[in-house]
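Read through the structure below, which is laid out as structure tokens, and then see the notes.
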Amino acid sequence: DCIIQVINPNTSRAMTATIADAARAVAAPGTEILAVCPQEGAPSIEGHFDEAIAAIGVLQQVKLGREAGVSGHIIACFGDPGLLAARELASRPVVGIAEAAMHMATLVATRFSIVTTLPRTLTIARHLLHQYGFERHCAALHAIDLPVLALEDGSGLAQQKVREQCIEAIRHDGSGAIVLGCGGMADLARELTQELGIPVIDGVSAAVKMIESLHALGLSTSKHGDLDFPLVKPLSGMFGSFNG
Ligand SMILES: O=C(O)C[C@H]1NC(=O)NC1=O
């Protein structure tokens with residue numbers, strides 16, 4: 001059996017539920033999804049500062065997941081906050097939804113577009129493309145110019161803007177696939193794929209299948225080199241919970 005801890009790095013319970021539903025929709029029969037979010041932190045992650053705050057919450061959840069014996073961890077925020085630090089802390093695999101969606105897109109198209117939320121998060125997506133080596137695979141990036149939590153306000157406006165940006169990408173980018181750039185868009189991928197006739201990829205579901213694959217292959221985070229467990233040292237104050 002496979003138990004996957006899906007971490008929404010922001011503290012929005014509604015978005016955690018959206019993410020959990022998307023994960024469960026594709027989980028194999030033997031896979032259990034444990035959806036969590038930090039007790040404290042940012043209600044949405046929309047920039048470098050938010051990501052730094054969220055990374056601590058991600059690490060706290062990864063430590064709890066490791067102690068609970070989960071088979072793998074997913075960082076369900078498109079900035080993949082704390083990914084490498086989480087890999088040091090984890091015994092099992094850790095996959096971010098941005099890297100998962102990008103990898104999947106390269107398997108079905110020579111180039112992909114990204115649709116995310118606020119324009120300022122476009123730079124974060126560009127940083128990830130560089131970090132993961134996917135710059136030449138990404139044809140263009142689009143922002144719906146709405147905040148992350150607009151996806152959970154029930155108005156449907158953000159979802160409509162995502163659809164519009166996908167249509168723009170189809171018309172202008174010359175790309176063969178679209179990557180949804182927010183965990184809160186996870187529930188939109190299947191319907192948009194069918195309606196628009198192009199693979200629209202959600203990183204939450206992609207990451208679930210990647211963790212299941214790693215689990216089935218007996219592959220886990222390498223502890224040979226820089227992803228070995230952190231050096232043991234007395235961590236003080238708010239970080240004391242990481243000791244031991
Ligand atoms: O950067 C974004 O728009 C998306 C990112 N922020 C967030 O709170 N969850 C996310 O997936």
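Start at 1 and go down the list; that is how both ligands and their atoms are numbered. Every heavy atom of this structure was used, including side-chain atoms; hydrogens, water molecules and symmetry mates were not. Along the sequence shown, residues are numbered consecutively beginning with 1.
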side-chain contact (heavy atoms from CB on, under 4.5 Å) with Val26: of Thr31, Ile33, Val208, only one passes, and it is Val208
Going by the order shown, which atoms of ligand 1 are within less than 4.0 Å of some heavy atom of Thr121?
-> 1 (O)
Would you indicate whether the side-chain heavy atoms of Pro147 and Thr117 approach each other to under 4.5 Å?
-> no
With heavy atoms only and a cut-off of under 4.0 Å, state how Asn10 meets ligand 1: side chain, backbone, both or neither.
-> side chain
Identify the protein heavy atom lying closest to atom 6 (N) of ligand 1, giving its residue, its atom name and the separation to 0.1 Å.
-> Ile45 O, 2.7 Å
Under 4.0 Å from any heavy atom of Gly181, which atoms of ligand 1 are there?
-> 2 (C), 3 (O), 4 (C)
Answer with yes or no whether Gly79 contacts ligand 1, where contact means a heavy atom under 4.0 Å from a ligand atom.
-> no
Do ligand 1 and Phe78 have nitrogen or oxygen atoms that lie under 3.5 Å from each other?
-> yes
In terms of residue, atom name and distance, what is the protein heavy atom nearest to atom 5 (C) of ligand 1?
-> Cys77 SG, 3.5 Å
Residues Glu67, Arg92: salt bridge by 4.0 Å N-O rule = no
Ser44 neighbourhood, listing ligand 1 atoms whose heavy-atom distance to it stays under 4.0 Å | 8 (O)
Does the cation-pi check pass for Lys223 over Phe229, that is, NZ or CZ under 6.0 Å from the six-membered ring centre and within 45° of its axis?
-> yes
If you group Ile, Leu, Val, Met, Phe, Trp and Tyr by side-chain heavy-atom gaps below 4.5 Å, do Val70 and Ile97 land in one group?
-> no
With a 6.0 Å cut-off on ring centres, are Tyr132 and His103 close enough?
-> no
Run the salt-bridge test on Glu195 and Arg163 with the 4.0 Å N-O cut-off and return the result as yes or no.
-> yes
Does an N or O anywhere in Gly183 fall below 3.5 Å from an N or O of ligand 1?
-> yes
Near Thr117, which atoms of ligand 1 are under 4.0 Å from a heavy atom of that residue?
-> 2 (C), 3 (O)
What atoms of ligand 1 come closer than 4.0 angstrom to any heavy atom of Thr116?
-> 2 (C), 3 (O)
Ile201: which of Ile178, Thr193, Leu180, Val108 passes side-chain contact (heavy atoms from CB on, under 4.5 Å) | Val108
